[in-house]
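Everything on this sheet refers to the single structure shown next.
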2 protein chains.
Amino acid sequence: MVKSKFSISLHIMTLLAYYPGEWHSSAKIAESLKINPVLVRKELKALKSSGLIDSKEGKNGGVKLGKSAKNISLADIFEAVKGSSHVLNLSSNVPDVSCKIGGQINEKLLSIFDEVDNAIIDILEPQSLEAFKNQF
Amino acid sequence: MVKSKFSISLHIMTLLAYYPGEWHSSAKIAESLKINPVLVRKELKALKSSGLIDSKEGKNGGVKLGKSAKNISLADIFEAVKGSSHVLNLSSNVPDVSCKIGGQINEKLLSIFDEVDNAIIDILEPQSLEAFKNQF
DNA sequence: TTGTACTGTAATAATTTTAATTACAGTAAA
DNA sequence: TTTACTGTAATTAAAATTATTACAGTACAA
């Protein structure tokens, strides 16, 4: 997972929750976040596949929340962003497999990565987008 | 935090725990992990500042555990690696500060990043390096 | 007392990853 | 039928990560 993706997606979702019912264009969102519109649209793609937003093509189109902010948790956003990757990573190099440790370390690490991701989900699950938005 | 640093440091620590009492050179460790010796020495620096390893300069020098693997938790290693950074990141761009959300989002995100890091520490705290090493 | 094998660290180069940019097909409202 | 969008691909630019080279300092040992 790209570490800043969660920040970008939560920022987008907060904007949508703050101005509910409106269709927001990726250009306007990008202007607010000061990032490229194409990057915004890539993030929106993941959020849409997870059912967190709706989108409308054509003139006056854009995106808006797919359900009430009360029914969206920060964990939902985290999971949408994370996809099948982990927050932590293996080293890109393959360790010496003839070594007792090196031959098995990656599977043990992956197991820890799952635990870590689940711990993050557990801490974010009780936090609603509605509550987060209300801080502003 | 560089996401793969934790993997590298845990791999190193597992090697040291598996062959306790021996002085391991960064060259040998690097050979086992298949990464550059200088990168190993950089990881060792953080582990040493946290008191997790001892080092000896000069011929026949190297590194070894600074205390029993039973008294080292995976959270200790995580914290050594993480330093003052977070597992998650802000976007590198500064959002539109004239926007109600953009002006305050980063401080709210940082607060979540702290919670996330603490959740990871909580899940890793009960796991000792000794137990991890014994899986191999 | 000198060679050898290390740590520790800096500087730089190569590589990979991430973000930005450009471009355009498709869609729907006006 | 023009305009303003989504959606996506391809390419370029920038940033972050990893590797490499180099060398000063240390300690053991012949």
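Numbers restart at 1 for each chain; the letters A, B, ... are given by sequence-line order, proteins then strands.
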Contact class for B:K28 (heavy atom, under 4.0 Å): base, sugar-phosphate, or nothing? nothing
Base, sugar-phosphate, or nothing for A:L44, non-hydrogen atoms under 4.0 angstrom?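 No contact.
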Taking only N and O in the side chain of B:N60, is any of them less than 4.0 Å away from OP1 or OP2 of D:dC28?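 For B:N60, the contact criterion (side-chain N or O under 4.0 Å from OP1 or OP2 of D:dC28) is not met.
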Taking 4.0 Å as the cut-off, does a side-chain nitrogen or oxygen of A:K45 come that near to OP1 or OP2 on D:dT8? yes
In whole angstroms, how far is the C1' atom of C:dT7 from the NZ atom of B:K56? 12 Å
Atom-pair distance (CD on A:E31; P on D:dA4), nearest Å: 15 Å
Where the side chain of [X] is defined as all heavy atoms beyond and including C-beta, which of [options] is the nearest nucleotide?
| X | options | value |
| --- | --- | --- |
| A:S4 | C:dT21, C:dA19, D:dA22 | C:dA19 |
| B:K59 | D:dA27, C:dA23, C:dT7 | D:dA27 |
| B:L39 | D:dA19, D:dT6, C:dA29 | D:dA19 |
| A:E57 | C:dT7, D:dG7, D:dT21 | D:dG7 |
| B:K48 | C:dA20, D:dG7, C:dG8 | C:dG8 |

Between A:K133 and A:E130, is there a side-chain N and carboxylate O pair less than 4.0 Å apart?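 The answer is yes: the pair qualifies as a salt bridge.
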Using heavy-atom distances to pick each residue's nearest nucleotide on DNA chain C, tell me which of B:G61 and B:S91 is more 5'.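 It is B:G61 whose nearest nucleotide is closer to the 5' end.
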Given that B:R41 and B:S92 both sit by DNA chain C, which one's nearest nucleotide is further toward the 5' end?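 That would be B:R41.
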If you pin A:S55 and A:N93 to their nearest nucleotides in DNA chain D, which one's is more 5'?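 The residue mapped nearer the 5' terminus is A:S55.
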Spell out, as yes or no, whether a donor-acceptor pair under 3.5 Å connects the side chain of B:H11 to the backbone of A:P95.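 Not at all, since once roles are kept as given, no pair shorter than 3.5 Å links the two residues.
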Are A:N89 and B:K3 linked by a side-chain donor-acceptor pair shorter than 3.5 Å?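 Their side chains do contain a donor-acceptor pair, which is all the 3.5 Å distance test asks for.
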